[in-house]
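Order of the sequence lines fixes the chain letters, A, B, ..., with proteins taken first and strands second; residue numbering starts at 1 for each chain.
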Amino acid sequence: MQFNAQQQRAVEFDGGHVLVLAGAGTGKTSTIVGRVVHLLEQGVDPRRILLLTFTRRAAREMRHRLGQQVGPTAKKVPAGTFHNFCLQYLRRWPDLFDCQGLSIIDRDDQLQLMKLARGTVIGKDARFPKAAELANYYSYARNTNRRLQEYLKRFTDHSEEIIQLIENVIDDYSKRKRDCRYFDYDDILYIFARQMHRRKSLREKIQKRYDHLLVDEMQDTNPLQWMILDAMRDPAKLFCVGDDAQSIYAFRGADFRNVHGFADRLPGASTLKLEENYRSTQEILDVANWLLDQSPLGYEKKLHAARGNGEKPIWLQVDDEQDEATTVVEDLLERRDGGANWRDHMILTRTAWAARTVEAGLIQEDIPYRFVGGTALMQSAHIKDLISLLRVADNRSDQLAWIRFLTLWPRVGEKTAASAILEVFKQPNTDAISERLQNRFGANPRLGEAYQQCVGLLDAPAKAIEVAIEKLEPLLEKKFDDWDRRSKDFKLLKKLARDHATVGEFLETYTLDPISESEASQEEQDDLVTLITVHSAKGTEAPVCYLIGVQPGNYPHSRNNGDEDQIEEERRVLYVAMTRAKDSMMITGKVRSHGAYTPYYNQKSLDSGTEIPFFLTDIPNALVESDCQYGATNEFGDELTEDDDDWSGPIMSFRD
DNA sequence: ATCCTGGCATTTTTT
DNA sequence: ATGCCAGGAT
C-alpha cells in the first residue's frame, strides 16, 4: 500500500490520542486499515485493537479491506458498530449489565409499543405528537444524554402541559418495555455506557483489554457514544477519523463537538489532516466544492483532485419519476453495451421511497441490482408473521409477538389476543402456557402445538422455522394474495437460520443487522448495480454515480424547512452524494412542477407563496453539462446508586 | 362484542 | 407496501 506523507504520518503515529481530519475521498479507510496493519507489524496483539464504526456497512467494508491486507489475522481484530460491540459485552456478562433474558426490538416494534403507550395515556387526539415523533424525542434525548424534559423544553415548542403528557407516555412506554423484557437500540448503548460509568471494576476490566481504539466516522458519533469512548480510553489510545463536512446524522444526536472539541477534551491530543482526494476527477470535486462554499458555515474545505481532470458532471431535468427512471436505465444500458460492468454503477437516492420508480425500471430491463437501505427482509409482513412464533417461544413476555402470532388465527382479533396474553403471562412455565393455549383455542389445535414444538426447538433454529412454516403456511397463504412471491423467502430464512446455534441468537442477529430482500436473494451474484440511500452510501464509491431526485423538496428535504442547522445538514447530504463519484456523475431531478404530484407538506409552502429552497438553484453553468439554464428560468419561485432502576436519565461522568 | 374486509391515505435519513 | 378507519358480517 502506497501512502502520501500525510497518510503515512497518521498510519505510523506514535503519540497519545489523535484525531484525523479527513475530507471525502482522501483515503480514510485505507489509512485506518493501514494503521491496523502497522500496529500488527509492531507486534500489537490483534485482539487488543478495537475498530468501531457507526454503520454496519462501514464495519463490513473495514473487515473486508483488512482481510485483503493481512489474511486470516483480520478475523482476530474485533471490528463492528458501536451497537454490535456493546451488545457483545451485554451478552458475555449479562449479570454485570443487568440484562438477562432481554430481546432486542427494532424500530417497528418500538413504534408499535409507543402507539400502545400513547393510546393508553392520550387516547385519540390527532393533534398530539404521533408515535413516531414521540419515539424520536425519546431517542434523541437519550443519544444526547439529556433528560427528556430538558430536551423538550429547549428544542421543541410544546407547552408545559403537553410536555408533561409526553413524559407520561414515555414512562408508560418504558414500563411496557420492561414488562415485555425488551430493549431497544438505544438501550444497548445506554446500558453499556451506564454500567461502564457506574461500576469501576467493570470499567477497569474492559479498559484492560484494549491498547488501541480506532473510530471511523467520528463526526457521526453522538454524546452517548462519546461517553462510551471516554470510558474505554486510557491506557488505550484513541485514533479517531472524521470529516465535519460529512456529518449527516445530527437527527440521531450526532454532535460534531466530538470532532471540534476533541483536542480540548483530551489534553495532549494531536490533530492530523488528510487533504488530497484520490477518488474523483476535479470536475466532480468542483461541483462539491461549490456546494459547500455556498454554506454560511465556512468549512474552509477545497477538495483537490490528485487524479486531475475528467468529464464534466451532467445535470438533466426530467418531466417526472418515470422519465427519470428511463433516463437512468437508458444510460446504464448504453454503458453496458460499451463494455462496462454493472458493479461500477451506483444510483443514489435521498429517500428509499423515491427509488421505487427507478427500481421498477431496473427490473423491467432485467438489470441485476441490489437495494441497500430498502425494505429489510425481516420487516416484510409475511416474515414477521412467521417470526412471531419464534419470538414468543424464545421470550414468552414478548407481548408484540404474541399479538401478531395470535391474531393470525381465524376468529382471533385484538381483544381475544389481549385477554389470552394476560392469561399467558400468569403461567409459571412454558408447559403451562402450552396447556393454557390448547384449552383456550381448542378450535385451532395447531396454535398450541406450534408453540409447544417451537419451544422444544430453541437450540435448532432451522428446525423451528420448519415447524413454523408447516403450522402457519395455510393461514399465510390465505392472508396474502401475492403468496407465490412471498413464500420463496421462507426457504431463504431457513438457510440463514442454519448458521445459528439458538433461536435467540438468530433473531438477534437479524434484528440488529437486517439484510435487505434483494441482498439476501442475490447473494451469489456480484456484478450488480447498487441502488442506495445517500446515508448508507457514505464511505463507499463508484466509477459512475447517478444522483436521482435532485430537486426542490428533496435537497433540502421539505420536512426540514426553516431551521438552518437542519438545512445545512441537508446540504452535507448532497455533498456526501456528490463525493461518491469517481469518473462520471449524472444528476437528475424534476425541476419544473408540471402540476405533478406535490407532497402535502410542500403544498403548504406553495400555497403560502414561499419559495421552496433548492441547493442547485444558482449553480454556475460552467460547472455542469446541462439541458437548462436554471438560473435564468427559475420557476420556484455524579455516582448513581447501584440499584437505581431508572433507564432513561442522563449518565453522570466518572471523570468530573 | 368482536372480527374482517375494502377503500383511502401516506411514505427521511440509521442503529 | 402498509396503516388506518368505517361499516358490514358473524
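Aromatic ring centres of A/Tyr151 and A/Tyr140 lie closer together than 6.0 Å. Checked against the 6.0 Å centroid criterion, the rings of A/Trp483 and A/Phe490 qualify as a close aromatic pair. Checked against a 6.0 Å centroid threshold, the rings of A/Phe97 and A/Trp93 do not count as neighbours.
A donor-acceptor contact closer than 3.5 angstrom links the side chains of A/Tyr369 and A/Glu359. Counting only N and O atoms by type, the side chains of A/Arg572 and A/Tyr299 include a donor and acceptor under 3.5 Å apart.
Rounded to a whole Å, the CG atom of A/Asn444 is 13 Å from the P atom of B/dC3. Nucleotide B/dT12 holds its P atom 19 Å from the OH atom of A/Tyr140, rounded to whole Å. For the pair A/Glu133 CD and B/dT11 C1', the computed distance is 16 Å after rounding to whole Å. Computed from coordinates, the A/Lys479 NZ to B/dC3 P distance equals 15 Å when rounded to whole Å. Nucleotide C/dG3 holds its P atom 17 Å from the CE atom of A/Met114, rounded to whole Å. With rounding to whole Å, A/Trp483 atom CH2 is found 17 Å from C/dA1 atom C1'. Per the geometry, CG belonging to A/Asp481 stands 12 Å off C1' belonging to C/dA1, to the nearest Å. In this structure, the CD1 atom of A/Ile383 is 15 Å from the C1' atom of C/dA1, given to the nearest Å.
Residue A/Asp482 has its side chain nearest to C/dA1 when only C/dA1, B/dT12, C/dT2 are considered.
Neither OP1 nor OP2 of C/dG3 sits under 4.0 Å from any side-chain N or O of A/Lys115.
Rounding to the nearest 0.5 angstrom, the gap separating the CZ atom in A/Phe183 from the CD1 atom in A/Ile104 is 4.5 Å. Taking CZ of A/Phe82 as the start and CG of A/Leu189 as the end, the distance is 8.0 Å to the nearest 0.5 Å.
A cation-pi arrangement is present between A/Arg92 and A/Tyr89 under the rule of less than 6.0 angstrom and at most 45 degrees off the ring axis.
Within a 6.0 Å sphere centred on NZ of A/Lys130, heavy atoms belonging to other residues, nucleotides or ligands number more than 12.
Counting non-hydrogen atoms under 4.0 angstrom, A/Ala354 reaches nothing in the nucleic acid. At a threshold of 4.0 angstrom between heavy atoms, the contacts of A/Arg572 with the nucleic acid are absent.
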All N/O contacts under 3.5 Å from nucleotides 13-15 of chain B to the protein, with atom names and distances to one decimal?
residue, atom, partner, partner atom, Å
B/dT13, OP1, A/Ala352, N, 2.8
B/dT13, O2, A/Arg350, NH2, 3.1
B/dT13, O2, A/His535, NE2, 3.3
B/dT14, OP1, A/Thr533, OG1, 2.9
B/dT14, OP1, A/Ser536, OG, 2.8
B/dT14, O2, A/Arg252, NE, 2.8
B/dT15, OP1, A/Arg56, N, 3.2
B/dT15, OP2, A/Arg56, NH1, 3.0
B/dT15, OP2, A/Arg56, NH2, 3.1
B/dT15, O3', A/His83, ND1, 2.8
B/dT15, O2, A/Arg252, NH2, 3.1

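Contacts between residues 401-412 of chain A and DNA chain B, defined by a heavy-atom separation below 4.0 Å, involve A/Pro410, A/Arg411, A/Val412, listed by number.
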